[in-house]
Participant: 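One structure coming up, written as structure tokens, with questions to follow.
As the structure is a prediction and not an experimental result, all values here were calculated from the model.
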Amino acid sequence: QLVSLPDGVDENDSDAWSVHASGEVRPSSSGETKTESMDVEAVRSRCQQVLSGAEFYEDMWAARDDTGPSFRWIRTIWRGAGEALGETVSPQLPGGIDAYRLHPGVIEASIQLLRCCGGFEPRDMVATTGSVYVPFRIASLRYHGAPGRRALWCHAQMRELPESARAGVVGDLRLVDDSGQVVLEM
């Protein structure tokens with residue numbers, strides 16, 4: 001569940017919490033244990049436009065408040081036609097990342113990478129309207145196992161581009177380790 005609590009309210013008051021989203025976690029019904037792999041070099045060869053993480057975040061946060069270093073996991077981005085590949089690196093975080101099988105920050109970085117697949121959230125739109133895209137629905141999330149200490153790559157592909165600022169964005173995300181083994185699919 002994704003819940004929130006208004007400021008100044010007792011966190012022990014169970015009626016004060018608002019549920020915004022919920023989901024169900026269950027083992028795969030197919031019984032399939034083998035995961036696919038992805039050729040990172042093949043994706044990178046299709047994505048010729050290179051952008052540093054610093055450039056990406058400077059543009060991304062230009063028209064709104066920067067949420068800080070815990071949301072900055074992307075080191076380098078390779079952009080192509082309707083797809084992007086991002087190399088991630090864990091920033092210095094209070095408490096580190098050891099308590100997580102997969103830190104939520106790297107999942108957020110994957111979602112951020114969708115912005116590189118098409119011009120659906122242009123800087124001038126954000127500056128003018130203040131509107132930004134927020135993940136509203138994840139149709140499916142498949143977790144294939146902890147990546148260990150290896151670097152992670154995110155591959156984002158756009159399925160549908162919006163026709164207007166009010167339209168939704170649909171894409172696919174895969175996190176893979178250095179060997180190309182898929183760790184997470186959304």
Side-chain angles (χ1 to χ4, degrees), residues 1-4 19-28 32 35-38 40 43-44 47 51-61 64-80 82-118 120-121 126 132-160 162 168-186:
Q1 288 185 329
L2 177 63
V3 297
S4 68
V19 177
H20 301 284
S22 61
E24 180 181 335
V25 176
R26 64 179 184 263
S28 171
E32 192 174 308
T35 59
E36 66 179 86
S37 61
M38 183 183 89
V40 172
V43 175
R44 192 174 1 201
C47 299
L51 181 69
S52 74
E55 292 169 307
F56 170 71
Y57 287 117
E58 181 180 321
D59 188 53
M60 182 175 165
W61 302 121
R64 57 189 180 272
D65 292 334
D66 184 342
T67 56
S70 62
F71 283 85
R72 293 178 177 235
W73 286 67
I74 298 173
R75 177 184 290 170
T76 309
I77 297 168
W78 291 264
R79 294 172 69 168
E83 68 178 327
L85 178 69
E87 178 186 21
T88 67
V89 63
S90 172
Q92 293 288 19
L93 299 172
I97 63 170
D98 293 337
Y100 299 91
R101 291 182 186 259
L102 188 64
H103 195 281
V106 77
I107 297 171
E108 166 66 20
S110 301
I111 294 167
Q112 292 171 2
L113 193 63
L114 273 175
R115 289 175 169 87
C116 294
C117 295
F120 64 86
E121 190 179 81
V126 175
V132 294
Y133 282 86
V134 175
F136 185 77
R137 179 175 183 256
I138 298 174
S140 172
L141 188 142
R142 291 184 196 95
Y143 175 71
H144 299 290
R149 295 254 173 243
R150 298 178 298 240
L152 288 176
W153 297 85
C154 177
H155 181 226
Q157 289 182 294
M158 190 65 64
R159 275 203 263 158
E160 298 174 23
V169 174
V170 178
D172 296 310
L173 300 167
R174 290 189 294 176
L175 276 171
V176 300
D177 64 18
D178 274 341
S179 71
Q181 192 65 35
V182 176
V183 174
L184 181 83
E185 297 173 277
M186 288 189 280

Participant: With a 4.5 Å cut-off on side-chain heavy atoms, are V106 and L184 touching?
Facilitator: no

Participant: Looking only at heavy atoms, which two atoms of L113 and A84 are closest? And how far apart?
Facilitator: CD2-O, 3.8 Å

Participant: Which heavy atom in L114 sits nearest to a heavy atom in G171, and how many Å separate them?
Facilitator: CD2-CA, 4.1 Å

Participant: About how many Å separate CD of E87 and OG1 of T76, when rounded to the nearest 0.5 Å?
Facilitator: 5.0 Å

Participant: Listed by chain and number, what are the side-chain hydrogen bond (donor to acceptor under 3.5 Å, both in side chains) partners of W153, not counting sequence neighbours?
Facilitator: D178

Participant: Looking at every heavy atom in both C154 and L173, which two are closest together, and how far apart are they?
Facilitator: SG-CD2, 4.3 Å

Participant: Which residues pass the side-chain contact (heavy atoms from CB on, under 4.5 Å) test with S140, not counting sequence neighbours?
Facilitator: R142

Participant: Taking side-chain hydrogen bond (donor to acceptor under 3.5 Å, both in side chains) as the definition, give me every residue that meets it alongside E83, ordered by chain and number, with sequence neighbours left out.
Facilitator: R46, H155

Participant: Grab the two heavy atoms, one from H144 and one from V182, that are nearest each other, plus how far apart they are.
Facilitator: CB-O, 3.4 Å

Participant: Roughly how far apart are D177 CG and S37 OG, rounded to 0.5 Å?
Facilitator: 9.5 Å

Participant: Could you tell me which non-hydrogen atom of E36 sits nearest to which non-hydrogen atom of Q181, and how far apart they are?
Facilitator: O-NE2, 3.8 Å

Participant: Provide the closest heavy-atom pair for I77 versus C116 in the form atom of the first, atom of the second, distance.
Facilitator: CD1-SG, 3.7 Å

Participant: Taking the side chain as everything from C-beta on, heavy atoms only, tell me whether L152 gets closer than 4.5 Å to H103.
Facilitator: no

Participant: Please identify each residue that fulfils side-chain hydrogen bond (donor to acceptor under 3.5 Å, both in side chains) with S90, with sequence neighbours left out.
Facilitator: none

Participant: Tell me which one of R79, Q157, M158, R159 satisfies side chain to side chain contact (heavy atoms under 4.5 Å, CB included) with C117.
Facilitator: M158

Participant: Examine distances only and state if a side-chain atom of Y57 and a backbone atom of W73 form a donor-acceptor pair shorter than 3.5 Å.
Facilitator: yes

